[in-house]
Structures are given as structure tokens and as C-alpha cells.
Amino acid sequence: LEVVQLLLADPRVDPNARTQRQWTALMCAANKGHLEVVQELLDDTQVDSEAQTIEGYTALTLAQTIHHSDVAAVLLALQEEQPPRKRRRL
């Protein structure tokens, strides 16, 4: 958790950086059930909680798929608090 906090404090670090399969740090933390890391990432206003992998998974769907109910509950509550974003058409 301390490393995540240090990275988020560094303005050179993009909290939405992606892997080749388009996974973000939030997705990785949600997939592994790391609740404290998920909460820390969500506290950063730059973190995109609705980002999708190339397969269309979000952090929420990953947490639900792997049965990390505590992580899914936090992500679901956030989703319910936020108005839906308008999606750009490509």
C-alpha cells in the first residue's frame, strides 16, 4: 500500500497506464482482491474507474467474476454515486 501511495504522489506516474491487454492498476488490484489498494487508487481523482480491457472488462466486472465481493461492493457503490459518462463514438 505504501508503494501505491508513493507512486500516486509522483506527478510523473500515470495512474491509468495500461498493459498490452489494456489493464490498469485498478483492474489488477480488483482482480486480485486487494481492497486497500483499490480504495487508495479510487481516492485519486485521476483514476478511471470505468476503464475497460480489450475484452470489455472493467475493474467492477473483474472483481465480480473472481468473487471479490468486498472489492465489487466498493466499485459498485462508486458507480452508483457517479452519473453515467457519455461515451465517445470512434
Side-chain angles (χ1 to χ4, degrees):
L1 186 60
E2 190 174 317
V3 172
V4 173
Q5 293 167 336
L6 287 170
L7 288 170
L8 289 173
D10 187 333
R12 298 170 297 174
V13 174
D14 177 4
N16 295 304
R18 294 179 177 253
T19 67
Q20 285 183 326
R21 301 209 48 92
Q22 299 299 303
W23 282 54
T24 64
L26 180 61
M27 292 173 190
C28 293
N31 188 57
K32 294 293 184 180
H34 297 299
L35 180 60
E36 289 180 347
V37 174
V38 167
Q39 291 171 321
E40 191 69 33
L41 289 166
L42 292 174
D43 284 344
D44 188 310
T45 58
Q46 294 183 64
V47 171
D48 183 1
S49 62
E50 296 181 20
Q52 294 184 4
T53 67
I54 60 174
E55 295 90 359
Y57 293 108
T58 63
L60 174 59
T61 56
L62 289 165
Q64 289 172 326
T65 301
I66 307 296
H67 304 290
H68 296 303
S69 56
D70 52 348
V71 173
V74 168
L75 291 163
L76 187 59
L78 177 68
Q79 182 178 329
E80 290 173 352
E81 288 173 10
Q82 297 176 340
R85 285 195 280 171
K86 291 184 180 177
R87 304 261 183 223
R88 288 187 313 155
R89 290 188 180 207
L90 300 176

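By the rule that hydrophobic residues join a cluster once side-chain heavy atoms approach within less than 4.5 Å of another member, L8 and V74 end up as members of one cluster. Hydrophobic clustering (ILVMFWY, side-chain heavy atoms < 4.5 Å, transitive): L78 and V37 are in one cluster. L76 is connected to L35 through a chain of hydrophobic side-chain contacts under 4.5 Å among Ile, Leu, Val, Met, Phe, Trp and Tyr, so both are in one cluster.
Other residues, nucleotides and ligands contribute over 12 non-hydrogen atoms within 6.0 Å of the CD atom of Q5.
Minimum heavy-atom separation, L75 to A30: CD1-CB, 4.1 Å. Shortest non-hydrogen contact noted between V71 and A63 is CG1-CB, 3.8 Å. Taking both residues in full, the closest heavy atoms of L26 and S49 are given as CD2-CA, 3.6 Å, listed atom of the first, atom of the second, then distance. Nearest approach of R18 to M27, heavy atoms of both residues: NH1-CE, 4.3 Å. Across N16 and Q46, no two heavy atoms sit closer than the pair ND2-O, 2.5 Å. Of all non-hydrogen atoms in E50 and T58, the two that sit nearest each other are O-CG2, 3.9 Å.
Among residues at least two apart or in separate chains, salt bridge (charged side-chain N to carboxylate O under 4.0 Å, His left out) pairs with a member in residues 52-62 are R21-E55.
Taking OG1 of T24 as the start and CD of Q22 as the end, the distance is 10.0 Å to the nearest 0.5 Å.
For the side chain to side chain contact (heavy atoms under 4.5 Å, CB included) test, residues two or more places apart in sequence or in another chain that qualify with A25 are L41.
At a threshold of 4.5 Å between non-hydrogen side-chain atoms, the residues Y57 and N31 do not count as touching. Taking the side chain as every heavy atom from C-beta outward, Q64 and T61 approach each other to under 4.5 Å. Side chains of L42 and Q39 form no contact here, defined as non-hydrogen atoms less than 4.5 Å apart.
Grouped by direct or indirect side-chain proximity (heavy atoms under 4.5 Å, Ile/Leu/Val/Met/Phe/Trp/Tyr only), L7 sits with V3, V13.
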